[in-house]
Asks: 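Could you have a look at this structure, given as structure tokens, before my questions?
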Amino acid sequence: MQQADKDRQTKIELEKTQPLTVVTSEFDNQASLYMGQNLPISAQATFPKGRKIKLEVARTQEQQMMGLMYRPALPDNQGMVFVFPSAQTVSLSMKNVPVSVDMVFLQNGIINYIETAALPCNSEPCPTYGTYVLIDQVIQLRSGRAQELGLQVGDNVKIEIN
């Protein structure tokens with residue numbers, strides 16, 4: 001079997017087992033499949049008024065760089081948290097993220113900044129979103145969810161990571 005035939009067979013097998021978010025128009029040796037990462041739910045955020053959200057945890061630099069790229073949407077009760085080894089200024093890009101998201105920037109569990117409805121970006125240069133104050137975690141939620149949860153700068157958020 002030639003390499004091109006093997007690649008087509010791999011594509012067919014992947015389509016049977018995993019939904020594809022973006023597929024290149026022509027599949028050959030040079031083309032690749034883009035599927036968003038789905039990290040295990042391994043944390044929970046408790047927001048003011050006891051509201052809870054399940055979180056995927058982006059721990060490594062590679063996981064954080066991929067973030068929510070190619071993910072079609074987030075459910076209301078789920079998000080992704082970026083955990084940094086120490087407090088730092090952070091700016092995030094929405095490159096290849098197909099939907100708007102809210103970003104909640106935290107330092108020691110206190111909300112320092114909220115970016116609502118950060119817009120998707122499909123081509124460079126993409127804007128970045130962040131703050132110049134030190135933070136150690138960022139939670140990404142479905143666009144509009146921060147307002148629905150009533151989140152405000154200064155609120156305390158408890159994140160339990162398994």
Asks: Side-chain polar contacts of residues 37-48 - donor-acceptor pairs under 3.5 angstrom, sequence neighbours left out - could you list them?
Replies:
residue	atom	partner	partner atom	Å
Q37	NE2	Q63	O	2.7
Q37	NE2	G67	O	3.1
N38	OD1	R71	NE	3.3
S42	OG	R59	NH2	3.4
T46	OG1	K52	NZ	3.3

Asks: Check whether any side-chain heavy atom of L141 sits under 4.5 Å from a side-chain heavy atom of L74, and report yes or no.
Replies: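 No; the side chains remain at least 4.5 Å from each other.
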
Asks: For side-chain contact (heavy atoms from CB on, under 4.5 Å), just list the numbers for Q107 and V133, CA-CA rounded to whole Å, side-chain angles, deciding distance to a tenth of an Å, and then say yes or no.
Replies: CA-CA 9 Å; Q107 169 61 19; V133 299; over 6 Å; no

Asks: Determine, using the 4.5 Å side-chain heavy-atom cutoff (strictly less than), whether M103 and I111 are members of one ILVMFWY cluster.
Replies: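 Looking at the clustering, I111 is in a separate group from M103.
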
Asks: Locate the shortest heavy-atom distance separating C121 from P125; write the atom from each residue and the value.
Replies: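 C121 and P125 have their closest heavy atoms at SG-O, 4.2 Å.
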
Asks: Short question: side chain of N112, backbone of L106 - any donor-acceptor pair under 3.5 Å?
Replies: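 It does not hold such a pair.
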
Asks: Between E160 and K158 (side chain of the first, backbone of the second, donor and acceptor by atom type, cut-off under 3.5 Å), is there such a pair?
Replies: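 Not a single qualifying donor-acceptor pair exists.
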
Asks: Under 4.5 Å between side-chain heavy atoms, counting indirect links through other Ile/Leu/Val/Met/Phe/Trp/Tyr residues: same cluster for I114 and V81 or not?
Replies: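 The answer is yes; both residues are in one hydrophobic cluster.
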
Asks: In residues 90-98, what donor-acceptor pairs under 3.5 Å come from side-chain atoms, sequence neighbours left out?
Replies:
residue	atom	partner	partner atom	Å
S93	OG	K95	N	3.0
K95	NZ	E124	OE2	3.0
N96	ND2	Y70	OH	3.1

Asks: Measuring only between side-chain heavy atoms, which start at C-beta, is S143 closer than 4.5 Å to V101?
Replies: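 Not in contact.
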
Asks: Contact between T89 and L134 at the side-chain level, heavy atoms closer than 4.5 Å - yes or no?
Replies: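 Yes, close enough: below the 4.5 Å cut-off.
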
Asks: Strictly by salt bridge (Lys or Arg N to Asp or Glu O under 4.0 Å), give each pair with a member in residues 112-122 just once, sequence neighbours left out.
Replies: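 Found none.
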
Asks: In this structure, are over 12 heavy atoms from other groups packed under 6.0 Å from E148 atom CD?
Replies: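 Count over threshold, so yes.
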
Asks: For a 4.5 angstrom cut-off between non-hydrogen side-chain atoms, does F84 reach I135?
Replies: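 SC-SC contact between F84 and I135 confirmed.
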
Asks: Can you establish whether the number of heavy atoms outside Q88 located under 6.0 Å from its atom CD is more than 12?
Replies: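 Yes - once you tally the heavy atoms of other residues, nucleotides and ligands closer than 6.0 Å, there are more than 12.
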
Asks: Hey, mind stepping through T116 and Q147 against side-chain contact (heavy atoms from CB on, under 4.5 Å) and telling me if it holds?
Replies: CA-CA 8 Å; T116 57; Q147 182 177 12; 5.9 Å; no

Asks: Verify, without hydrogens or angle tests, whether Y129 (side chain) and L119 (backbone) share a donor-acceptor contact under 3.5 angstrom.
Replies: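 Looks like yes, one N/O pair under 3.5 Å.
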
Asks: Just wondering, do D76 and R145 contact through their side chains at under 4.5 Å, heavy atoms?
Replies: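 Touching, per the 4.5 Å side-chain cut-off.
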
Asks: Would a 4.5 Å heavy-atom cut-off, applied to side chains only, mark I159 and I139 as touching?
Replies: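 Sidechains of I139 and I159: in contact.
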
